[in-house]
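Scope of the values below: all heavy atoms of this structure, side chains included, with no hydrogens, waters or symmetry mates. Residue numbers start at 1 and run along the sequence shown.
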Amino acid sequence: MNKPMIAGNWKMNMLQSEAMAFFKDLAEKTKNVTHLDTIDGVICPPATLLGLLSDAARTAKIELGAQNCHWEPKGAFTGEISPAMIKDLGVKYTIIGHSERRQYFAETDESVNKRMLAALGAGLVPIVCIGEYLEDRKAGRTQAVIQSQVKSLLSSQSMSPHVVLAYEPVWAIGTGLAATPAQAEEVHALIRGMLIEALGASATKIRILYGGSMSPGNVAELLAMPNIDGGLIGGASLKPADYFSLLEAGIARALTIAR
Ligand code: 13P
């Protein structure tokens, strides 16, 4: 297992006052935690909050990430945000290709690749999401869907240990019905195998996060799997106490590996 990453995806939630209150509470909790540097804690708020939260995140010892970025550096793309604009705010990460973007905003494997390439070019760390729909799983197509998504990412020639992948089965997102550790590990091992086959041993360093109803109740058993390097968390990242529990689970896992 690699250095665990516990990344919160706030989606379209939180106003300024709520976000500041979250980080004030979180900073109180992380203040006396000694091994926070054994993991990467990240929160991806709406872009409107990225500038506002930079000091608060630093105090809480958490990095910030955006939820999307465009592939062009600038220009006539109303409503979009460039990787350079995100970088300009001191932000290190950006989510790319979340299933909600694919489902509601016509994101495709091709546009995901373009965004990933642009993010890397600007020095951001992309957290690239893949995952199958419930119909795919029911029809026994999980493996084929994942293989096709990973193949597309590999075709961009930009996969490297700088990229973070997130396996998010769409049926587990926001449903309270997480994949079992065995179900998740099966897919993570498939992804890992493909990455190693294409890129060699360096691919063992690519972090593969699990996302989909991860919570303080199931985080330890999911992180115990050899190919699960952390989590991308929606609902449970909105409450400081829950998110902090997830950070603690990440630290506990990191310390077990270090031993
Ligand atoms: P939930 O943790 O709310 O299921 O959301 C997962 C997700 O979509 C994170 O990107």
Side-chain angles (χ1 to χ4, degrees), residues 2 5 7 9 11 40 42 44 47 50 65-88 91-133 136 141-170 173 187-212 227 229-230 232 234:
N2 294 299
M5 175 179 286
N9 173 10
K11 308 190 179 183
D40 288 322
V42 184
C44 303
L50 285 171
Q67 296 179 10
N68 187 23
C69 71
H70 194 58
W71 53 83
E72 292 292 343
K74 59 177 167 177
F77 301 100
T78 303
E80 291 289 325
I81 297 169
S82 77
M85 291 169 179
I86 296 166
K87 185 83 179 161
D88 192 39
V91 170
K92 191 168 169 185
Y93 298 93
T94 182
I95 298 172
I96 306 268
H98 191 278
S99 64
E100 287 148 18
R101 303 275 335 152
R102 295 176 189 255
Q103 213 173 345
Y104 307 133
F105 303 100
E107 198 81 68
T108 62
D109 284 348
E110 194 193 341
S111 61
V112 167
N113 277 350
K114 281 158 78 172
R115 292 182 202 271
M116 174 170 77
L117 210 59
L120 285 165
L124 293 172
V125 176
I127 303 173
V128 185
C129 304
I130 56 175
E132 83 284 3
Y133 287 93
D136 299 321
R141 283 195 306 262
T142 300
Q143 198 173 335
V145 169
I146 298 299
Q147 279 170 333
S148 150
Q149 290 174 329
V150 174
K151 253 188 216 145
S152 166
L153 293 176
L154 286 167
S155 74
S156 75
Q157 309 284 325
S158 51
M159 280 302 297
S160 75
H162 297 299
V163 176
V164 178
L165 290 184
Y167 167 55
E168 299 208 314
V170 181
I173 296 177
V187 177
H188 281 236
L190 170 71
I191 299 167
R192 179 80 67 209
M194 289 183 74
L195 296 176
I196 291 174
E197 199 180 310
L199 306 169
S202 69
T204 54
K205 299 219 159 52
I206 297 178
R207 286 185 284 190
I208 311 173
L209 315 182
Y210 167 78
N227 286 296
D229 299 309
L232 182 57

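- In this structure, the side chains of R141 and E132 stay at 4.5 Å or more apart for every pair of heavy atoms.
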Can L165 and L195 be said to form a side-chain contact (heavy atoms from CB on, under 4.5 Å), step by step?
CA-CA 11 Å; L165 290 184; L195 296 176; 4.0 Å; yes
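- The structure places SG of C44 at 11.0 Å from CG of N68, a figure rounded to the nearest 0.5 Å.
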Assess the residue pair R207 and D40 against the criterion (side-chain contact (heavy atoms from CB on, under 4.5 Å)); give the C-alpha distance rounded to whole Å, side-chain angles, the decisive distance to 0.1 Å, and a yes or no.
CA-CA 11 Å; R207 286 185 284 190; D40 288 322; 2.7 Å; yes
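- In this structure, CD1 on I96 lies 8.0 Å from CD on E107, to the nearest 0.5 angstrom.
- Checking side-chain atoms of D109 against main-chain N and O of L153 turns up no donor-acceptor pair under 3.5 Å.
- For V164 against V125, the heavy-atom pair with the smallest separation is CG2-CG1, 3.8 Å.
- You'll find the side chain of V170 reaches within 4.5 Å of the side chain of Q103, heavy atoms only.
- Shown here for E80 and R115, the closest heavy-atom pair between the two residues is OE1-NH1, 3.3 Å.
- Taking CG of L120 as the reference point, atom OG1 of T94 lies at 11.0 Å (rounded to 0.5 Å).
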Kindly indicate, with the supporting measurements, whether the criterion side chain to side chain donor-acceptor pair (under 3.5 Å) is fulfilled by E168 and H98.
CA-CA 8 Å; E168 299 208 314; H98 191 278; 3.0 Å; yes
Between S158 and V163, does a side-chain contact (heavy atoms from CB on, under 4.5 Å) hold up when you go through it step by step?
CA-CA 8 Å; S158 51; V163 176; 5.9 Å; no
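- Smallest separation of non-hydrogen atoms from R102 and C129: NH2-O, 2.8 Å.
- In this structure, S111 and W71 approach most closely via the heavy-atom pair CB-CZ3, 3.9 Å.
- The distance from the CG atom of N113 to the OG1 atom of T108 is 8.5 Å, given to the nearest 0.5 Å.
- E110 CD: 12 or fewer foreign heavy atoms inside a 6.0 Å radius.
- With values rounded to the nearest 0.5 angstrom, L124 atom CG is found 6.5 Å from C69 atom SG.
- The CG atom of L50 lies 13.0 Å from the CE atom of M85; values are rounded to the nearest 0.5 Å.
- Within the 4.5 Å cutoff, the side chain of I173 has heavy atoms near those of the K11 side chain.
- Closest approach of G131 and I146 over heavy atoms only: CA-CD1, 3.9 Å.
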Derivation of the side-chain contact (heavy atoms from CB on, under 4.5 Å) call for K92 and V42:
CA-CA 9 Å; K92 191 168 169 185; V42 184; over 6 Å; no
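- With sequence neighbours excluded, the residues forming a ring-ring contact (aromatic ring centres under 6.0 Å, His included) with H188 are Y167, listed by chain and number.
- Taking every heavy atom of both residues into account, S156 and L117 meet most closely at O-CD1, 4.2 Å.
- Two residues are said to be in side-chain contact when any heavy atoms from C-beta on lie closer than 4.5 Å; E72 and K114 fail this criterion.
- Here the options are D229, I127, I208, the test is side-chain contact (heavy atoms from CB on, under 4.5 Å), and the partner is M5; only I127 passes.
- For Y210 (side chain) and G212 (main-chain N/O), a donor-acceptor pair under 3.5 Å exists by modelled atom type.
- Side-chain atoms of M159 and M116, non-hydrogen and from C-beta on, do get closer than 4.5 Å to each other.
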